[in-house]
Each structure stands twice: as C-alpha cells, then as structure tokens.
Amino acid sequence: MNDMTRIDQNHRRSRAIVHNGIVYTAGQVPDDMSLDIAGQAQQVLDKIDDLLKEAGSERGRILTAQVWLRTMEDFAVFNAVWDAWVVAGRTPTRCCGKVEMNNPACRVEILVTAAV
C-alpha cells in the first residue's frame, strides 16, 4: 500500500513527502547564490510556497520550520524577510542556527513541516 506521495524524487532525495496529512520538505536552498541574504531568503521562501502548493498546503499551515544561516550576522535581515512572509496569527514553531553550508555561497537553508 502506498500511503505516501513523493514530490520531485531522485536517487538521493525527495523535495517533499506527504504522509498522513503532513507535508515534510527537504531543506530548500536558493538557486541564485550570488544574491544577498534577503534575496536568497526570498528565493527559498518562494520555493517553499511552490512545494506546499504542489502538496496541497500553504504557508499558513506550516507547523514548524528549521532555518540554517551561514552566519548569524544575517539573522536580522533574514528575520525581516521571514516576518513579511509568514501569515500573521498563524506563525509556526521555528529554530534558527548557524551551520557550515556545503556550498560556501549559500547563506540560508530552510526545512518546513506543514499540515495539508
């Protein structure tokens, strides 16, 4: 029985999986790593919007988010982009930390879990 829907699956990962009414996304990174943190963050959030839509959900149904920044110097600018993006009154739980990215030009990676 296949009770999971895999979105954009390849040999290594699925970009998202829907199971029992929950959408689990892989970490999303920007496509254009030459952008500043605001541009990269917006690009990642747009990708999350697209994934959630494809999975039958939307940003107001995000349960939790994990945010990884290359440097905490980007924290304030990232938060400004995030705050403009989240749905007021329906903000998810969130953690945010500094990590060493696999591509040094990447400034942000975000993973979310959402209800369908």
Side-chain angles (χ1 to χ4, degrees):
M1 179 158 127
N2 186 3
D3 59 347
M4 285 191 260
T5 301
R6 297 177 188 277
I7 297 172
D8 190 17
Q9 179 183 23
N10 66 25
H11 70 282
R12 181 168 293 146
R13 58 93 187 112
S14 295
R15 287 188 60 221
I17 294 176
V18 181
H19 176 67
N20 287 338
I22 304 293
V23 181
Y24 303 89
T25 71
Q28 300 301 302
V29 297
D31 293 322
D32 183 353
M33 302 222 186
S34 69
L35 297 172
D36 64 8
I37 183 59
Q40 285 194 22
Q42 190 60 60
Q43 201 170 73
V44 170
L45 295 172
D46 290 345
K47 289 172 78 171
I48 290 170
D49 277 334
D50 291 344
L51 266 179
L52 291 176
K53 181 178 179 182
E54 187 172 348
S57 188
E58 49 91 18
R59 72 176 85 153
R61 298 190 52 82
I62 295 174
L63 303 168
T64 190
Q66 297 175 31
V67 178
W68 299 295
L69 298 175
R70 183 180 73 189
T71 174
M72 292 311 286
E73 292 174 8
D74 288 341
F75 188 66
V77 174
F78 172 79
N79 278 336
V81 176
W82 175 268
D83 291 347
W85 180 78
V86 292
V87 177
R90 293 196 281 160
T91 54
T93 64
R94 188 188 99 169
C95 68
C96 183
K98 172 187 168 184
V99 300
E100 183 176 350
M101 300 294 192
N102 70 338
N103 179 336
C106 181
R107 301 180 76 103
V108 62
E109 182 170 352
I110 304 171
L111 175 155
V112 303
T113 303
V116 173

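Everything quoted here is computed from the prediction, not taken from an experiment.
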When every non-hydrogen atom of I7 is compared with those of E54, the smallest separation belongs to CG2-OE2, 3.3 Å
Please give me the minimum heavy-atom distance between V44 and P30, naming the atom from each residue.
CG2-N, 3.3 Å
On a heavy-atom basis, the closest approach of R70 and P104 is NH1-O, 2.5 Å
A105 versus Q40, closest heavy-atom pair with distance
O-NE2, 3.1 Å
Single-linkage hydrophobic cluster L111~L45, side-chain heavy atoms < 4.5 angstrom:
no
Going by chain and number, the hydrophobic cluster around Y24 (ILVMFWY, side chain to side chain under 4.5 Å) further includes I22, L63
Would the number of heavy atoms belonging to other residues, nucleotides or ligands and lying under 6.0 Å from CD of E73 be above 12?
no
Treating Q43 as the side-chain partner and D31 as the backbone partner, does any N or O pair qualify as donor plus acceptor under 3.5 Å?
yes
When clusters are formed by joining ILVMFWY residues with side-chain heavy atoms under 4.5 Å apart, either directly or through shared neighbours, do V99 and V67 land in the same one?
no
Walk me through whether D74 and V108 qualify under side chain to side chain contact (heavy atoms under 4.5 Å, CB included).
CA-CA 9 Å; D74 288 341; V108 62; over 6 Å; no
Which atom pairs, one a donor and one an acceptor, fall under 3.5 Å between side chains of residues 78-86 and the rest of the protein, sequence neighbours left out?
| residue | atom | partner | partner atom | Å |
| --- | --- | --- | --- | --- |
| N79 | OD1 | R94 | NH1 | 3.0 |
| N79 | OD1 | R94 | NH2 | 2.8 |
| N79 | ND2 | F75 | O | 3.4 |
| W85 | NE1 | D49 | OD1 | 3.4 |
| W85 | NE1 | D49 | OD2 | 3.1 |

Could you give the distance from CZ (R107) to CG (D36), rounded to the nearest 0.5 Å?
7.0 Å
Could you go through L69 and I37, starting from their C-alpha distance and side-chain angles, then the distance that decides it, and tell me whether this counts as side chain to side chain contact (heavy atoms under 4.5 Å, CB included)?
CA-CA 9 Å; L69 298 175; I37 183 59; 4.2 Å; yes
Give, for atom CD of Q28 and atom CZ of R15, the distance between the pair rounded to the nearest 0.5 Å.
4.5 Å
Inter-residue atom distance I110.CD1 - I48.CD1, 0.5 Å rounding:
4.5 Å
Provide the closest heavy-atom pair for H19 versus M4 in the form atom of the first, atom of the second, distance.
ND1-CG, 3.4 Å
Working for side chain to side chain contact (heavy atoms under 4.5 Å, CB included), residues R61 and L52:
CA-CA 9 Å; R61 298 190 52 82; L52 291 176; over 6 Å; no
Can you check side chain to side chain contact (heavy atoms under 4.5 Å, CB included) on V29 and E109, steps first, answer last?
CA-CA 5 Å; V29 297; E109 182 170 352; 3.6 Å; yes
CG-CD distance between D32 and Q42, expressed to the nearest 0.5 angstrom:
13.5 Å
Exercise: identify the closest heavy-atom pair between P92 and I62:
CB-O, 3.3 Å
